[in-house]
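These values consider heavy atoms only, across backbone and side chains, with no hydrogens, waters or symmetry-generated copies. Numbers here simply count residues along the sequence, with the first being 1.
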Amino acid sequence: MRYLPLTDADRGEMLAKIGASSIDDLFVDVPEEARLDGPIHDLPLHASEMAVERHMRMLSKKNLAAADAPFFLGAGAYRHHVPASVDHIIQRGEFLTAYTPYQPEIAQGTLQMLFEFQSQVARLYGCAVANASMYDGSTACWEAVAMAGRIARGKRRKVVLSGGLHPHYAEVVRTMAKFTEDEIGDALPTMKGTPDLDGLIGRIDEDTSCVVVQYPDILGRLTDLEKIAEAAHAKGALLIAVNLEPVALGAVKSPGEMGADIVVGEGQALGVGLQFGGPYLGLFAVRDQKHVRMMPGRLCGETTDAEGKRGFVLTLSTREQHIRREKATSNICTNSGLCALAFSVHMTLLGEEGLRRLAAENHRLACLAADRLAQVPGVSVLNDNFFNEFTIRIGRDAREVVRTLADKGILAGVSLGRLYPHADDLADGLLVTLTETTSEDDIDALCAALKEVLQ
């Protein structure tokens, strides 16, 4: 049965209305080499359900799953243990409401959860206010840049991106800035033990609206945000701190405490699995409450009803579906409600003490791995400091080594050549990540395999 309500006459009338002679005219902007010239080659037009399931199972067996091998990948997507209780709680009836809590009287469970989520993120980031989440870390990063532009009221158009910012995040900022005419000044990471703060600070001037710094950065290094905040504020610019690994904030000083004006990041590490790359969870907070009305997204608040009972409502929702377009701060249409719930449940189960213990175990394992890897001939550890991920140099193109080790059943890390394919001086860098899911046997296996491959 085909569910196509339009007739050929209907389609012809619609095409004539917009001045197109055929449906193909609608795709003239797509390069010809990117268009299909017919059915997909080697793909049958139909197959039975059982045949498709059998074929998909065969394809899945070609994968090396995170749980089936020593796993050292990170760079913004982390494998942490998610308690079974998280999945159980997020399926409870009080949270199975419409994704947008337009009617607070039937969405109190969702609203209370988002309110508590905001409180957790604000405390974690050392900020005054957090919103009810964003789509993911990269879009949260761009929204922070856009917010800084609103605060500057268009008088400042220069955005300084640290070389230590994840290149995918930087690319999202560059893409979106095409529509706002912001001038994006970024750089490649320096292969040094500590970030080049003087070089970054030297790029800040009176035209700068904001400085964007990742903490810890893409090489795993921890940056002195206080020094950057002081320099940015002296020029009238805002400091945006980007955190991709929230577990790190159980061990290191929060960005808000160090002077960051806007703190954003990725919350996937808590409560949300790797999930083939998404959906994930963007976090967004501001240090000063005076900037609340410039924030994107939505905020949930606590109130009392007509009978004086505590209740929760959508306090601010500064998007164009709710208010006049010229007053809107973002066209983001929703928040990552389910992932935010999972994050909040996991944080609640951990508590402050549990988060600190989890962070300490991550750091212990990373230190152990760094010490052992430094003893492998041909390997040198780049970082002077790190939390749970660090960069090693191996004297060869790390992309080839990662592929070889994957064939041996070890997911060794993220090669910098993959992140920066056109930067030859970064090609021998390998970002190695340790979490509580990594065993000491896994570390020994990585060291032994690298020793064999590099000799």
Checklist entry - Hey, does the side chain of Asp261 reach the backbone of Leu239 with a donor-acceptor pair shorter than 3.5 angstrom? => result yes
Next on the checklist: Applying side chain to side chain contact (heavy atoms under 4.5 Å, CB included) to Tyr125 and Leu249, what does each step give before you reach the verdict?
Outcome noted: CA-CA 8 Å; Tyr125 278 176; Leu249 300 178; 3.5 Å; yes
Checklist entry - Under 6.0 Å from the CZ atom of Arg123, do we count more than 12 heavy atoms belonging to anything else shown? => result no
Checklist entry - Stepwise, does the side chain to side chain contact (heavy atoms under 4.5 Å, CB included) test hold for Val159 with Glu183? => result CA-CA 6 Å; Val159 178; Glu183 175 191 339; over 6 Å; no
Item to check | Lys235 with Glu206: basic N within carboxylate O range, under 4.0 Å | outcome: yes
Next on the checklist: Test your reading of the model: is there a side-chain donor-acceptor pair from Gln112 to the backbone of Gly109, 3.5 Å cut-off?
Outcome noted: no
Checklist entry - How many angstroms lie between CG in Leu283 and CG in Leu124, if you round to the nearest 0.5 Å? => result 8.0 Å
Next on the checklist: Just verifying a value: how many Å separate Arg399 CZ and Leu419 CG, rounded to the nearest 0.5 Å?
Outcome noted: 10.0 Å
Checklist entry - When you look at Asp384 and Arg221, which way does the salt bridge (charged side-chain N to carboxylate O under 4.0 Å, His left out) test go after all the steps? => result CA-CA 7 Å; Asp384 293 339; Arg221 304 170 302 186; over 6 Å; no
Item to check | Ionic contact status for Asp428 with Arg396, cut-off 4.0 Å | outcome: no
Checklist entry - Taking the six-membered ring for Trp, are His363 and Phe387 parallel (under 30°), tilted (30 to 60°) or perpendicular (over 60°)? => result parallel
Checklist entry - Would you say Asn362's side chain and Leu358's backbone share a donor-acceptor pair under 3.5 angstrom? => result yes
Item to check | Glu171 and Arg174: CA distance, side-chain angles, deciding distance, salt bridge (charged side-chain N to carboxylate O under 4.0 Å, His left out) verdict | outcome: CA-CA 5 Å; Glu171 188 63 26; Arg174 282 192 295 269; 2.5 Å; yes
Next on the checklist: Is it true that His166 and Gln214 share a donor-acceptor pair across their side chains at a distance under 3.5 Å?
Outcome noted: no
Next on the checklist: Nearest 0.5 Å, please: how far is CD in Glu302 from CD in Glu116?
Outcome noted: 9.5 Å
Checklist entry - Just by modelled atom types, is the Val212 backbone N or O under 3.5 Å from a matching donor or acceptor in the Ser162 side chain? => result no
Checklist entry - So does Asp198 pair up with Lys227, basic N to acidic O under 4.0 Å? => result yes
Checklist entry - Between Phe386 and Cys367, does a side chain to side chain contact (heavy atoms under 4.5 Å, CB included) hold up when you go through it step by step? => result CA-CA 9 Å; Phe386 55 85; Cys367 290; 4.1 Å; yes
Item to check | Criterion salt bridge (charged side-chain N to carboxylate O under 4.0 Å, His left out) on Asp407 and Arg403, from CA distance to verdict | outcome: CA-CA 6 Å; Asp407 292 339; Arg403 182 69 264 168; 3.2 Å; yes
Checklist entry - Do other residues, nucleotides or ligands put more than 12 heavy atoms under 6.0 Å from Asn63 CG? => result yes
Checklist entry - Do the side chain of Asp136 and the main chain of Thr139 share a donor and acceptor less than 3.5 angstrom apart? => result yes
Checklist entry - Would you say the side chains of His346 and Gln120 form a donor-acceptor pair under 3.5 Å? => result no
Checklist entry - Which distance, rounded to the nearest 0.5 Å, do you find between the OG1 of Thr110 and the CG of Leu341? => result 7.5 Å
Item to check | Sub-4.5 Å side-chain heavy-atom contact between Tyr420 and Leu188 | outcome: yes
Checklist entry - Are the side chains of Leu200 and Val211 in touch, meaning some heavy atoms are under 4.5 Å apart? => result yes
Checklist entry - Side-chain contact, heavy-atom cut-off 4.5 Å: Phe390 with Leu373? => result yes
Item to check | Side-chain donor-acceptor contact under 3.5 Å, Ser254 with Glu257 | outcome: yes
Checklist entry - Within the side chain of Arg35, is there an N or O that forms a donor-acceptor pair under 3.5 Å with the backbone of Val30? => result yes
Item to check | Side-chain touch Leu73/Leu431, heavy atoms, less than 4.5 angstrom | outcome: no
Next on the checklist: Could you tell me if the side chain of Leu405 sits less than 4.5 Å from the side chain of Leu450, heavy atoms only?
Outcome noted: yes
Item to check | N-O pairing of Lys408 and Glu452 below 4.0 Å | outcome: yes
Item to check | Full working for side chain to side chain contact (heavy atoms under 4.5 Å, CB included) between Ile240 and Met147 | outcome: CA-CA 10 Å; Ile240 298 172; Met147 176 178 166; over 6 Å; no
Checklist entry - Quick one: does Asn243's side chain have a donor or acceptor within less than 3.5 Å of a partner on Tyr215's backbone? => result yes
Next on the checklist: Is there a side-chain contact between Leu244 and Tyr169 in this structure, where contact means two heavy atoms from C-beta onward sitting under 4.5 Å apart?
Outcome noted: yes
Checklist entry - Where the side chain of Glu266 meets the backbone of Gln268, is there a donor-acceptor pair that is under 3.5 Å apart? => result yes
Item to check | Within-4.5 Å side-chain heavy-atom neighbours: Leu416 and Met191 | outcome: yes
Next on the checklist: Measuring only between side-chain heavy atoms, which start at C-beta, is Leu411 closer than 4.5 Å to Leu64?
Outcome noted: yes
Checklist entry - More than 12 foreign heavy atoms under 6.0 Å from CD of Gln275: is that the case here? => result yes
Next on the checklist: Within this structure, what is the CG-OG1 distance for the pair Asp217 and Thr391, rounded to the nearest 0.5 Å?
Outcome noted: 7.5 Å
Next on the checklist: Determine whether a donor-acceptor pair (N or O, by modelled atom type, separation under 3.5 Å) exists between the side chain of Thr404 and the backbone of Glu400.
Outcome noted: yes
Checklist entry - Distance from Leu114 atom CG to Ser344 atom OG, nearest 0.5 Å? => result 8.5 Å
Checklist entry - Hey, are Glu361 and Arg357 close enough for a salt bridge, meaning a charged N less than 4.0 Å from a carboxylate O? => result no
Item to check | Electrostatic pair Asp205-Lys158, nearest N-O below 4.0 angstrom | outcome: yes
Item to check | More than 12 heavy atoms of other groups within 6.0 Å of Arg418 CZ | outcome: no
Checklist entry - Judged by atom type as modelled, is there a donor-acceptor pair below 3.5 Å linking the side chain of Asp442 to the main-chain atoms of Ser439? => result yes
Item to check | Asp207/Arg156 salt bridge by N-O under 4.0 Å criterion | outcome: no
